[in-house]
Every structure is written in C-alpha cells, then in structure tokens.
Amino acid sequence: MALNVIILAAGKGTRMRSTTAKVLHTVAGQSLIEHVLQTAYALNPTQLLVVHGNDAREIKEQCAAYPIEWVLQAEQCGTGHAVQQALPKIKAADNSQVLILYADVPLLSSNTLSGLQGQLAEADLALLTMQVNDPTGYGRIVRDADSSVQAIIEERDADSATQQIKEVNTGIMVARLGALREGLALLNNDNAQAEFYLTDCVAAIKQQAKKITAISCPAEEAQGVNSRAQLAMVEVHYQTRQRQQLLDSGISMSDPATVYLQGEINIEADVSIGPCVELIGPLSIAAGTHIASHTVISNSRIGQNTKIHSFCHIEDATIGDRCELGPYARIRPQTELASDVKIGNFVETKKASIASGTKVNHLSYVGDAQIGVNTNIGAGTICCNYDGANKHQTIIGDNVFIGSDTQLVAPVEIENGATIAAGSTITKKVPADSLALSRAKQMIINAWQRPKKSK
C-alpha cells in the first residue's frame, strides 16, 4: 500500500537561541532533519514532502541530496495548518497511508514506524505514544475499554484523574488519506494561540465513527529538540544506543560512556576500545585491533590485529594488518600502510605509501613519499616535500636504512639497500647498496670561552 510521508520543519526554534535553523543543529555530526529523512526513506515512501517556513534556503541546501517535495507554510498557524498545506500535493487513493513526522525528532527507528503503519490494518488513524514518569506538559492519551484511543486531552483541559495518565502523545501519527482529509477539514483555530492543531484531528476523526489506535515507543526514541539542553539529551541517547549495538556485537569498551561515535561505523568482533576515543565514519575496523585512549579515527580502514596507542589521530587513511601506531602519531589523508608497519611516537605521515615491515619510529615527517619493504627510517627524518609552491615526491626502496636527523630534499630517490648516514642532507639520487654521507666538516676550538652576561 502506498505510503506518503509529511515531515514538518517550519518551526522557528526560538528557544535554541541560534541563527542556525533548529533542524540543522546536529546529533552525531548529522543534522536533525537528515536523521529523520534517512529513517523516512528506509520505509520506501511513494512521496515525501517537507513543510518549511520562509527561511528554508539553508535547509534546502543541506538536504539537496534527498528527493524531496518542498511545501511552503508561509504563516505558522499550527501543525494542523502545516499538514493542510501538504495534503493537496499527495497523489494517492483515499486508502493510502500518510505518515506525519517532525524534523526535530531524530531518533525514531524505522522498526517503530513500521509497527505504527501496521496498526492501520484495523484502524483509520494510529498514534505513536510514549510512557513517561512525569507527563507534565504533554497531552494525555485516553483509551476506551477496548484500548482504542478515545481522545488526546491537553493538560490544561485534563481533570485530576486524567492528569495521572502516564501515556502521552508524541505528535507522530499515521492515517488513511481519506480519514486525515476529513479530520483536517473539521479543524478550527478557536483557541488561545489561534492555531490549527493536528492533535484536534483525533477528536474530529473520532466523531466520524473512525477507529483510532496507538502504540508506544521508548521515551528517548521520541524525544524532540526545542532547546540546547534537549539537543544534548538526544545526543546522549543516540550515543548510548550506538555503543550498545557495538557491545552486543562483540566489541569491548573499557569506558563506553566516553566513546564518541559518528556516521557509518563497521567494527568486527574482538576489537577493544579504550576511554575517550572518537570514531567518525565512514570507518571500518577489523577483528583483533586495539585502540587505546584519546585516539581519533575518521574515514579510514584499519586492518586486523593492529595496535593503536594513545593520542593518535588517523584521518582518511588505510592501515594494514598487525601494524603498530603511536603514541602521538598523526596519520594524515592518503596514507596507506601495508601489513606489519610501525609508526612510532610523534611521527606524521601524509600522502605516503609505506610497504610491509617498514619502521618509522620517532619524531619524523613522511609526506608525499613511497617507501619499500623492511626499510628503517631513523629518528628526526624529514621528507622536505614542499618548495614553497609545489609538492614533490620522495621514493625510498626496499631494505634502506636512513640514519637519524636526515633531510630528504624532494624530488629524490633512495634505491634498494642504500644507507644514509645520520645527519645527512640528501638532494641527489642514492644508488642501490651504497652509503650516502653529507655533513659539514667538524671543527674543534680548544679553550673556548662561553659568552658572559653584561653587567
């Protein structure tokens, strides 16, 4: 049966106290509205419409990748009015389904919404509700003896018995198109805000002898965002849910509450993660890898049984099996490490291809470089790849030994088996199996007197 989705995104979000539209604030690095859009598209809707206000240019730009039909609500006259603007654009039969979502409720799952849709097998309208310990401020769900919904009673209209009801309205609903059209036609704005409320549709549809039902979801799943505090609360709920999924799949975390997750992350079983780790997708980490504390990894692939020590930063890189990195290693974009590579403390790589068994242990910079197998890069080695205008490549062969404090002035090539003496500045090609030495002649001045401070 055809599903049509309407997402309400016209609210101004004044309580956010921000020049950014409320629905563009982010949870786990992604805007609220994009979270909702991804969930909605997982349901394979026939049509998806977003109702926006007059200041929607930034929202449209952010959502340009999604096939959306945009509907303008020029005047904010309530949620019922917003749906009234969208309904004429739905091209479907009266028995088709209309799902109404909110762009500031980002944590709803497609499973929950599929369950809500299923309620229309025997009803004309289905509400998504939640059970809360403190229902203050929410509309209460009043049910008949047969558990069908009789009404939504707002708190200001509720008697003392109704105020004790813990099942409350989330605003999310799905209805038959025909029933929704009839309910919207009966709305009026005879209230203190002079607005058309979508919740009044429930009573209006009930008057037409239509059946209304409801199902509940966890309160955190239906949490909306109207303030910075609620945004932080939703972030916590999201992170807790993502961490639990990883734990359930066989991932170890020594302090889960401090692990931050963002984007698409694929981690195999038996990976262990230390405290204060940030993982930003797209990201894949193979089995047996250990990630120590205060490490940030983004947009990268990490192989099996690799050890990443504390305070490493890995970005847009490919790391092979059984590698060892850090502590304090910075792996920058377009770095490719083969298996059994060791990158030590305070080493930085960028646009570097490093073959199996090679070691870059201490305090070195390897940029725009290609390094062969089983090569040793000594402490303080620098690939001098930038001439002030252009980048140049350093090529280092297999089984090369480069002594400490060496400068490789690119473009330059070091052939297989060559040795570079410590303290050398290399500007020309070094042949295979040779020794390159480039140092100023040492001078000694006897009886040298150090300068003294002037009185």
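Atom set for the values below is all heavy atoms of this structure, side chains included, hydrogens, waters and symmetry mates excluded. FYI, the numbering just counts along the sequence from 1.
With hydrogens and angles disregarded, no donor-acceptor distance shorter than 3.5 Å links the side chain of Q223 to the backbone of L107. In terms of modelled atom types and a separation under 3.5 Å, the side chain of S252 and the main chain of S272 share no donor-acceptor contact. Formation of a donor-acceptor pair under 3.5 Å by the Y41 side chain with backbone atoms of L48 is not found in this model. In this structure, H35 contributes its side chain and V27 its backbone to a donor-acceptor pair below 3.5 Å. At distances below 3.5 Å, not a single donor-acceptor pair connects side-chain atoms of Q73 with backbone N or O atoms of H81. Of the possible polar contacts, one joining the R176 side chain to the L120 backbone as a donor-acceptor pair under 3.5 Å is found. Although no hydrogens or angles enter the test, the distance criterion places a donor-acceptor pair under 3.5 Å between the side chain of S18 and the main chain of T20. When atom types are taken as modelled, the side chain of S31 and the backbone of L24 share no donor-acceptor pair closer than 3.5 angstrom. Although no hydrogens or angles enter the test, the distance criterion places no donor-acceptor pair under 3.5 Å between the side chain of T406 and the main chain of A422. Under a 3.5 Å cut-off, the side chain of S404 and the backbone N or O of G380 do not form any donor-acceptor pair.
Between S293 and the options P327, S310, C312, a side chain to side chain contact (heavy atoms under 4.5 Å, CB included) holds for only S310. For the side-chain hydrogen bond (donor to acceptor under 3.5 Å, both in side chains) with D368, the qualifying choice from K350, Q334, Q393 is K350, the only one to do so.
Other residues, nucleotides and ligands contribute at most 12 non-hydrogen atoms within 6.0 Å of the CZ atom of R301. Annotation for E61: atom CD counts as buried by contact number, over 12 foreign heavy atoms lying within 6.0 Å. Within 6.0 Å of atom CD in E75, 12 or fewer heavy atoms from other residues, nucleotides or ligands are found, so the atom counts as exposed in its surroundings. Shown here is Y365, whose OH atom has more than 12 heavy atoms of other residues, nucleotides or ligands within 6.0 Å.
Annotation: the span from L108 atom CG to E221 atom CD amounts to 5.5 Å, rounded to 0.5 Å. We find the CG-CD1 distance between L337 and I302 to be 8.5 Å, quoted to the nearest 0.5 Å. Between H309 atom NE2 and I291 atom CD1 the span is 12.5 Å, to the nearest 0.5 Å. Rounded to the nearest 0.5 Å, atoms OG (S434) and CG (N416) are 11.0 Å apart.
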- CA sep, side-chain torsions, deciding dist, call: N169, T199, side chain to side chain contact (heavy atoms under 4.5 Å, CB included): CA-CA 9 Å; N169 181 39; T199 51; 3.3 Å; yes
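For the 3.5 Å distance criterion, the side chains of N111 and S109 fail to qualify, holding no donor opposite an acceptor. In this model, a donor atom of one side chain and an acceptor atom of the other lie less than 3.5 Å apart for Q407 and D405. Of the N and O atoms on the side chains of S110 and T39, not one donor lies less than 3.5 Å from an acceptor on the other residue.
A search for ring pair (Phe, Tyr, Trp, His ring centres under 6.0 Å) contacts involving F311 returns H294, Y328, not counting sequence neighbours.
Residue L49 comes nearest to V71 through the heavy atom pair CD2-CG2, 3.7 Å, listed as atom of the first residue, atom of the second, then distance.
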Name each donor-acceptor pair under 3.5 Å that joins a side chain in residues 3-17 to protein atoms two or more places apart or in another chain, with its distance.
residue	atom	partner	partner atom	Å
N4	ND2	S96	OG	3.4
N4	ND2	Q97	O	3.0

